[in-house]
Amino acid sequence: MTTAAITLFALLLLKHFVCDFVLQTPWQIGQKGIYGARGGLVHSGIHVCGTLVALLAVMPPPSVILTVLVVEFIAHYHIDWGKEQTVKRLDWRVGARFWNAIGFDQLLHGLTYLIIVIYVTGWVR
C-alpha cells in the first residue's frame, strides 16, 4: 500500500467521524429517511466537502475528483436512507438490531472509502 493510499484512507475515516458524528445535526438525522428531503441532501453534501479536502491531500486529476465526489454523494445518501428505512420499517429503533443497522451502515461507508482509495490511487503516482 502506498503512502498516498494510507493518507487518503486515514483522512476519509477522519472526515467520516467529523461529518457523521460531530457536524450532523438533529435536523439532518430526522430527514435522512425521507427521500429527497433537504436534511439528508445537506448531510451528504457536507460529506462530499470533507472528501474534497481529503482528495486535495493526494491531488488526483480533476476528473477523478469530480467522479469520486458525485459517486460518494449518491452512495452516502442512499446508504443513510436505506439504513433509516430499515430501522423505521422494521421498528429497530432501540436494542441490538438498531446497533446492527448502525454498524452495517458504517461498514458500507468504510467500504465506499476503500473503493475510493483503490480508484484514486490508480491515478496518483
Side-chain angles (χ1 to χ4, degrees):
M1 191 177 271
T2 67
T3 302
I6 294 168
T7 300
L8 181 57
F9 195 59
L11 289 172
L12 289 170
L13 292 175
L14 174 62
K15 177 277 303 191
H16 188 79
F17 167 72
V18 171
C19 295
D20 236 30
F21 296 95
V22 177
L23 298 178
Q24 188 168 207
T25 66
W27 171 70
Q28 292 168 15
I29 293 167
Q31 291 198 349
K32 288 193 303 184
I34 304 166
Y35 200 83
R38 283 189 71 215
L41 296 169
V42 167
H43 175 68
S44 295
I46 290 168
H47 270 278
V48 166
C49 291
T51 296
L52 174 60
V53 172
L55 290 170
L56 292 176
V58 297
M59 292 303 295
S63 61
V64 171
I65 292 173
L66 182 61
T67 300
V68 167
L69 297 180
V70 169
V71 169
E72 193 199 353
F73 182 88
I74 293 167
H76 195 98
Y77 183 84
H78 287 93
I79 290 167
D80 283 0
W81 180 81
K83 187 257 303 167
E84 291 296 323
Q85 289 297 303
T86 301
V87 166
K88 180 180 175 184
R89 291 177 187 210
L90 299 176
D91 198 26
W92 290 358
R93 295 182 187 154
V94 294
R97 289 185 174 158
F98 170 80
W99 290 107
N100 288 337
I102 294 289
F104 187 64
D105 166 89
Q106 295 301 299
L107 172 65
L108 292 177
H109 290 307
L111 291 173
T112 301
Y113 301 141
L114 182 59
I115 291 166
I116 288 170
V117 167
I118 291 166
Y119 176 68
V120 168
T121 55
W123 295 95
V124 174
R125 301 288 172 223

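Quick caveat: nothing in here was measured; it's all calculated off a predicted structure.
Other residues, nucleotides and ligands place no more than 12 heavy atoms under 6.0 Å from the CH2 atom of Trp99.
Ionic pairing of Glu84 and Arg89 is not present here: no N-O contact between side-chain nitrogen and carboxylate oxygen is shorter than 4.0 angstrom.
Transitive grouping of hydrophobic side chains (ILVMFWY, heavy atoms separated by less than 4.5 Å) keeps Ile29 and Phe17 in distinct clusters. In the hydrophobic clustering of this structure, Ile46 groups with Leu14; members are Ile, Leu, Val, Met, Phe, Trp, Tyr whose side-chain heavy atoms approach within less than 4.5 Å, directly or through other members. Leu12 and Leu23 fall into different hydrophobic clusters, where Ile, Leu, Val, Met, Phe, Trp and Tyr are joined by side-chain heavy atoms under 4.5 Å apart, directly or via other members. Put simply, Val58 and Leu114 are part of the same group of oily side chains (I, L, V, M, F, W, Y) that touch within less than 4.5 Å, one to the next. If you chain together hydrophobic residues whose side chains sit under 4.5 Å apart, Leu111 and Phe104 fall into the same group.
Taking CG from Leu41 and CG from Asp80, the interatomic distance works out to 11.0 Å, rounded to the nearest 0.5 Å. Taking CG of Leu107 as the reference point, atom CD1 of Ile102 lies at 13.0 Å (rounded to 0.5 Å). Note that SG of Cys19 and NE2 of His43 are 7.5 Å apart. Values are rounded to the nearest 0.5 Å. Considering CG of Leu108 and CD1 of Ile79, their distance stands at 5.0 Å, rounded to 0.5 Å. How far OG1 of Thr86 is from CG of Asn100: 12.0 Å, rounded to the nearest 0.5 Å. Note that OG1 of Thr121 and CD1 of Ile116 are 11.5 Å apart. Values are rounded to the nearest 0.5 Å.
Summarising the geometry of Leu69 relative to Leu52, their closest heavy-atom pair is CD2-N, 3.8 Å, with the distance given to 0.1 Å. Closest approach of Gly40 and Lys32 over heavy atoms only: CA-CG, 4.0 Å. Listed here is the closest heavy atom pair of Arg38 and Gln31: N-OE1, 3.4 Å. Shown here for Arg97 and Trp92, the closest heavy-atom pair between the two residues is CD-NE1, 3.2 Å.
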Going through the distances and angles, do Thr67 and Tyr119 end up as a side chain to side chain contact (heavy atoms under 4.5 Å, CB included)?
CA-CA 10 Å; Thr67 300; Tyr119 176 68; 3.9 Å; yes

Go through the steps to decide whether Val53 and Lys15 satisfy the test side chain to side chain contact (heavy atoms under 4.5 Å, CB included), and finish with yes or no.
CA-CA 9 Å; Val53 172; Lys15 177 277 303 191; over 6 Å; no

Please report the C-alpha distance between Leu56 and Ile65 in whole Å, then the side-chain angles of each, then the deciding distance to 0.1 Å, and finally whether the side chain to side chain contact (heavy atoms under 4.5 Å, CB included) criterion is met.
CA-CA 8 Å; Leu56 292 176; Ile65 292 173; 4.2 Å; yes

Between His109 and Asp20, does the side-chain hydrogen bond (donor to acceptor under 3.5 Å, both in side chains) criterion hold? Intermediate values first, please.
CA-CA 10 Å; His109 290 307; Asp20 236 30; 4.6 Å; no

Tell me, with the steps shown, if Gln106 and His16 meet side-chain hydrogen bond (donor to acceptor under 3.5 Å, both in side chains).
CA-CA 9 Å; Gln106 295 301 299; His16 188 79; 2.8 Å; yes

From CA spacing to verdict: ring-ring contact (aromatic ring centres under 6.0 Å, His included), Tyr113, His76
CA-CA 10 Å; Tyr113 301 141; His76 195 98; 7.4 Å; no

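Looking at Gln28, its side chain never comes within 3.5 Å of a backbone N or O of Val42 through a donor-acceptor pair.
Taking the six-membered ring where tryptophan is involved, the planes of Tyr77 and Phe73 are essentially parallel, since the angle between them stays under 30° and well short of 60°.
The one candidate from Val64, Val120, Leu11 that meets the side chain to side chain contact (heavy atoms under 4.5 Å, CB included) condition with Leu55 is Val120.
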